[in-house]
Amino acid sequence: VWIFGYGSLVWRPGFEFTSRKVGFIRGYSRRFWQGDTFHRGSERMPGRVVTLLEDCGACTWGVAYEVRGEQIAASLQYLNMREAVLGGYDTKLVKFHPQDKDAEEPILALVYIATPQNPSYLGPASEEDIAAQIIVSSGCAGHNIEYLLRLADFMRYFCPQAEDKHLFSIEEALTSILPCLYYTEDSLEET
């Protein structure tokens, strides 16, 4: 079984796997439209994490993990708790295209996608509003800023040829806001 990750799974799968491949799926765009009240946020201040939006001309880069034997049941049990129960994601099968030039046919992979019917679904917002929400959110897996920056780093280092305007626009908005926050905190400490 192959499992495709396009958010935190690219750097923290949390399950044992046999192999991994960087690549993409077609027909979806990655968006920070899913709320998170556990891993990267709280009930009081939900974080923003990514989901996939059907988009005919788009492709989303990530990592596919191959799980075999006893790894299958353990990984699916773990992911069903992490993504479906706590995150509110549904599962779909997609065609994954490995980045390797020598790759043969696309691989069928399982992917978790949040839909607008999900109670934690936040939907669209401006990049500035998303960045402002990310800055103030933190959950049991860490700060929401870390989630955004790790995803942006993954795209830069493993998929430099790929364009993810939504992701990089939010990162840019975040870095333009952060100096103001540091200044405000320093000013408060001095008074």
Between atom OH of Tyr78 and atom CZ of Phe15, what is the distance when rounded to the nearest 0.5 Å?
8.0 Å
Residues that Thr115 engages under side chain to side chain donor-acceptor pair (under 3.5 Å), provided they are two or more places apart
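Thr115 satisfies side chain to side chain donor-acceptor pair (under 3.5 Å) with Gln117 once adjacent residues are dropped.
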Restricting to side chain to side chain donor-acceptor pair (under 3.5 Å), what partner residues turn up for Arg12, sequence neighbours left out?
none
Mutual orientation of the aromatic rings belonging to Phe96 and Phe4 [parallel < 30°, tilted 30-60°, perpendicular > 60°]:
tilted
Contacts of type side chain to side chain contact (heavy atoms under 4.5 Å, CB included), residue Ser29, not counting sequence neighbours
Arg31, Asp55, Ala58
More than 12 heavy atoms from other groups under 6.0 Å of CZ on Phe158:
no
Can you establish whether the number of heavy atoms outside Arg68 located under 6.0 Å from its atom CZ is more than 12?
no
Please assess Tyr6 against Tyr28 for the test ring pair (Phe, Tyr, Trp, His ring centres under 6.0 Å), listing each intermediate value before the final yes or no.
CA-CA 11 Å; Tyr6 57 91; Tyr28 293 93; 8.7 Å; no
Lys/Arg-Asp/Glu bridge criterion (N-O < 4.0 Å) met for Asp153, Arg156
yes
Are the side chain of Arg48 and the backbone N or O of Phe32 linked by a donor-acceptor pair below 3.5 Å?
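Side chain of Arg48 to backbone of Phe32, a donor-acceptor pair under 3.5 Å: yes, one is there.
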For this output row, return yes or no: ring centroids of Phe17 and Tyr65 closer than 6.0 angstrom.
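Between Tyr65 and Phe17, which both carry aromatic rings, the centre distance is below 6.0 Å.
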For Val67 and Ile72, run side-chain contact (heavy atoms from CB on, under 4.5 Å): C-alpha distance rounded to whole Å, both residues' side-chain angles, the deciding distance at 0.1 Å, then the answer.
CA-CA 5 Å; Val67 292; Ile72 296 171; 3.9 Å; yes
